[in-house]
Amino acid sequence: MTLSSHKLIIITAPSGAGKTSITRFLLNKYPKLAFSISAATRKPRAGELDGVQYHFIPEEQFRSRIEADEFVEWEMVYEGCYYGTLKSELQRIWDADKVPVLDIDVKGAIHIQQQFGNNCLSVFIEPPSVEELKKRLESRGTETAESISTRLSKASYEMSFSHHFNKTIVNRDLDIACLETEKVIKEFLGW
Ligand code: 5GP
């Protein structure tokens with residue numbers, strides 16, 4: 001069986017648009033959905049554990065796994081930091097008879113869509129404005145001023161890709177955005 005004969009869901013957005021909160025809401029509500037744990041070369045933040053939020057691996061290992069064709073997609077999302085979805089991770093989830101939910105960046109999402117076609121549902125979470133995004137990133141308290149400014153300039157660029165995805169949901173109110181995303185996913189999976 002090829003990888004692309006299975007279904008998967010992508011939640012994509014500029015950093016800070018709320019995709020992680022929406023993804024968490026969905027995973028808590030539906031045990032049939034499973035978080036796809038990406039590989040990443042950045043350092044874990046306080047409270048993050050290897051094998052939970054990410055498989056944290058050294059850059060050298062990440063590069064050799066690219067060479068070995070182990071990724072379904074990968075990107076250098078931020079300067080010097082690689083992130084990628086391992087084929088083995090998707091297979092692990094399908095083997096458990098679950099549907100993977102990928103919280104990935106816009107370019108990675110487009111690559112996955114190209115490979116999975118109609119078996120993939122892509123949901124783009126749009127922040128109400130770049131100003132609002134700035135406020136959210138600042139209140140998160142996990143980012144340096146430099147990281148916030150990198151993420152904001154990237155966000156404006158990423159927002160121009162929204163038309164590539166199956167659905168766009170504007171996150172003005174998190175509870176409403178969660179329910180709208182849930183509705184779209186249930187339709188896609190025939191639940
Ligand atoms: P963070 O460093 O804040 O955890 O994530 C940074 C960005 O990388 C987020 O937009 C996140 O969605 C994205 N990301 C996480 N995993 C992957 C992945 O496997 N592939 C791609 N392309 N992006 C990812």
Side-chain angles (χ1 to χ4, degrees), residues 3 8-27 34-59 61-63 65-66 68-93 100-116 120-127 130 133-134 136-162 164-165 168-169 171 177 181:
L3 284 177
L8 58 77
I9 292 161
I10 304 170
I11 310 288
T12 190
S15 178
K19 69 181 183 308
T20 303
S21 307
I22 293 174
T23 305
R24 209 174 293 137
F25 162 82
L26 295 165
L27 293 166
F35 181 62
S36 163
I37 304 166
S38 297
T41 62
R42 74 158 168 74
K43 297 271 170 290
R45 297 189 186 116
E48 286 184 333
L49 295 172
D50 185 35
V52 178
Q53 288 82 8
Y54 289 103
H55 298 292
F56 293 103
I57 62 176
E59 185 172 328
Q61 191 191 127
F62 198 104
R63 286 173 191 271
R65 295 179 85 168
I66 294 174
D69 196 26
E70 290 187 32
F71 289 100
V72 66
E73 65 76 34
W74 62 271
E75 293 292 330
M76 185 180 274
V77 177
Y78 297 108
E79 193 55 37
C81 291
Y82 290 96
Y83 295 79
T85 306
L86 289 160
K87 292 177 184 174
S88 58
E89 175 64 9
L90 297 183
Q91 197 60 58
R92 175 186 73 78
I93 295 172
V101 179
L102 284 65
D103 169 343
I104 63 176
D105 89 321
V106 165
K107 283 194 191 158
I110 291 172
H111 286 149
I112 295 268
Q113 268 192 315
Q114 286 164 348
Q115 297 172 68
F116 286 82
C120 149
L121 171 74
S122 55
V123 182
F124 183 83
I125 310 295
E126 193 172 295
V130 174
L133 196 59
K134 181 165 184 268
R136 289 182 195 175
L137 286 171
E138 285 169 350
S139 69
R140 220 191 236 184
T142 57
E143 310 301 326
T144 61
E146 193 191 346
S147 152
I148 290 177
S149 108
T150 311
R151 283 171 190 251
L152 283 178
S153 55
K154 194 163 186 261
S156 308
Y157 170 71
E158 287 179 324
M159 276 154 81
S160 69
F161 284 85
S162 62
H164 284 270
F165 303 107
T168 295
I169 288 172
N171 183 10
T181 311

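Reckoned from all heavy atoms, side chains included, excluding hydrogens, waters and symmetry mates. Order of listing sets the numbers, starting from 1, for every ligand and every atom in it.
- Here His55 contributes atom NE2 and Glu89 contributes atom CD; the two are 4.5 Å apart, rounded to the nearest 0.5 Å.
- Lys19 NZ, 3.0 Å is the protein heavy atom nearest to atom 10 (O) of ligand 1.
- Scanning the protein for heavy atoms near atom 5 (O) of ligand 1, the closest one is Tyr54 OH, 3.2 Å.
- Aromatic ring orientation, Phe62 versus Phe71: parallel (interplanar angle below 30°, classes split at 30° and 60°).
- Around the NZ atom of Lys107, the shell of radius 6.0 Å holds no more than 12 heavy atoms that belong to other residues, nucleotides or ligands.
- Using a 4.0 angstrom heavy-atom cutoff, Trp74 does not count as in contact with ligand 1.
- The proximity of Glu143 to ligand 1, defined as any non-hydrogen pair under 4.0 Å, does not occur for either the backbone or the side chain.
- Taking the six-membered ring for Trp, Phe124 and Phe161 have ring centres at least 6.0 Å apart.
- Contact analysis leaves Gln53 out of contact with ligand 1, as no non-hydrogen atom separation drops below 4.0 angstrom.
- The protein atom (non-hydrogen) at minimum distance from atom 7 (C) of ligand 1 is Val77 CG1, 3.8 Å.
- Among all protein heavy atoms, the one lying closest to atom 2 (O) of ligand 1 is Tyr83 OH, 2.5 Å.
- Considering backbone and side-chain N/O of Arg45, one or more are found under 3.5 Å from N/O of ligand 1.
- Of all the heavy atoms of Arg42, the ones lying under 4.0 Å from any atom of ligand 1 belong exclusively to the side chain.
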